[in-house]
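Worth saying up front: this structure is predicted, and the values here are computed from it rather than measured. Worth knowing before you read on, the calculation uses all heavy atoms, side chains too, and leaves out hydrogens, waters and symmetry mates.
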Amino acid sequence: MPRKVDHRERRELLADALMRLAATQGLEGVSLRQVAAEAGVSTGMVQHYFRTKDEMMTFALGMVGDRIRARSEAAAVSASPRELVRGVLLQILPLDDARRLEGHVGLAFLAYAAVRPAIREGLRKDAAGMRGFIAQQLRAAGADGIDPELAATGLMALVDGLGMQLLSGQYAEKHAVAALDTQLALIFGES
């Protein structure tokens, strides 16, 4: 009897291989053949699951978002709006090996998306969803004197910038977290 294949698991195996390559080489030069070699499978198998490189990249980007959401949800049990926002933003910062890999992949995707509208649209939707979530938490906390949408945009920009600085070794992790905490204190009206 043939073994039942978990197609989602296979797609994730290939996307993980793509992410490892993207983190070290960028996305532009990565080929389906290189992904196959990195994953230890045939090029035919890669082509079976992904018709194009863009399709594989879109899936990989979705996986990164799913992983961030899963970590955020695990940390969000009984959390206040401030704790929820902080928890989600900390999951984006490259503070451990998994998040550093995701950070490198995120940077590679941004460069790749700059010239590919279909990929760019996916990034835009993800960012809009994150901004909406953060703005909703700010409203729930009753943060006075701020525009929740603009504050959410600012927090996301801060985390993106801190992430790039961490990945390039310009800040220590504790300084990046302290900068985030300082901004959260200002937004949530803490002294």
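Among all heavy-atom pairs drawn from Ala108 and Ala22, the shortest one is CB-O, 4.1 Å. Minimum interatomic distance between Ala152 and Ala135 (heavy atoms only, all atoms of both residues): CB-N, 3.8 Å. Residues Leu18 and Ala60 share a closest heavy-atom pair of CD2-CB, 3.7 Å. The two atoms that bring Ala141 and Phe188 nearest to each other are CB-CE2, 3.5 Å, heavy atoms only. When every heavy atom of Ala179 is checked against every heavy atom of Leu158, the shortest pair comes out as O-CD2, 4.2 Å. For Asp181 against Arg82, the heavy-atom pair with the smallest separation is O-NH2, 3.7 Å.
Under the ring pair (Phe, Tyr, Trp, His ring centres under 6.0 Å) criterion, the residue pairs touching residues 5-24 are His7-Tyr49, with sequence neighbours excluded. Every pair passing salt bridge (Lys or Arg N to Asp or Glu O under 4.0 Å) that includes a residue from residues 101-112 is listed here, sequence neighbours excluded: Arg71-Glu102. Sorted pairs that involve residues 84-143 and meet ring pair (Phe, Tyr, Trp, His ring centres under 6.0 Å), not counting sequence neighbours, are lacking altogether. For the salt bridge (Lys or Arg N to Asp or Glu O under 4.0 Å) condition, the pairs that include at least one residue of residues 123-142, sequence neighbours left out, are Glu121-Arg124, Arg139-Glu149. The list of salt bridge (Lys or Arg N to Asp or Glu O under 4.0 Å) pairs with a residue in residues 162-177, not counting sequence neighbours, reads Arg100-Glu173.
Partners of Asp16 under the side chain to side chain contact (heavy atoms under 4.5 Å, CB included) rule, at least two apart in sequence or in another chain, are Met19, Arg20, Met63, Arg67. Evaluation of the salt bridge (Lys or Arg N to Asp or Glu O under 4.0 Å) rule for Asp66 yields Arg8, Arg69 as partners, not counting sequence neighbours. When the ring pair (Phe, Tyr, Trp, His ring centres under 6.0 Å) test is applied to Phe59, the partners found at least two apart in sequence or on another chain are Phe50. By the salt bridge (Lys or Arg N to Asp or Glu O under 4.0 Å) test, Arg11 pairs with no residue at all, sequence neighbours left out. Among residues two or more places apart in sequence or in another chain, the side chain to side chain contact (heavy atoms under 4.5 Å, CB included) test is passed with Leu101 by Ala23, Val105. With sequence neighbours excluded, the residues forming a side chain to side chain contact (heavy atoms under 4.5 Å, CB included) with Ile146 are Leu138, Ala143, Ala151, Ile187, listed by chain and number. The side chain to side chain contact (heavy atoms under 4.5 Å, CB included) check on Leu21 picks up Gln25, Val30, Gln34, Val35, Glu38, with sequence neighbours excluded.
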Checklist line | Verdict with reasoning, Glu83 to Leu184, per side chain to side chain contact (heavy atoms under 4.5 Å, CB included) | finding: CA-CA 10 Å; Glu83 291 167 337; Leu184 288 171; over 6 Å; no
Check: side chain to side chain contact (heavy atoms under 4.5 Å, CB included) between Leu93 and Arg99: does it pass, once the steps are laid out?
Finding: CA-CA 7 Å; Leu93 283 176; Arg99 289 181 278 180; 5.6 Å; no
Item checked: Residue pair Ile92, Met130: steps toward the side chain to side chain contact (heavy atoms under 4.5 Å, CB included) verdict -> CA-CA 11 Å; Ile92 297 169; Met130 179 66 76; 3.7 Å; yes
Next item on the list: Determine, stepwise, if the pair Leu155 / Leu180 fulfils side chain to side chain contact (heavy atoms under 4.5 Å, CB included).
Entry: CA-CA 8 Å; Leu155 284 169; Leu180 174 61; 4.3 Å; yes
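Expressed to the nearest 0.5 Å, how far CD of Gln183 lies from CG of Leu89 amounts to 10.5 Å. A distance of 7.0 Å separates CE in Met56 from CG in Leu14, rounded to the nearest 0.5 Å.
Remark: the backbone N or O of Thr52 is not paired with any side-chain donor or acceptor of Glu55 at under 3.5 angstrom.
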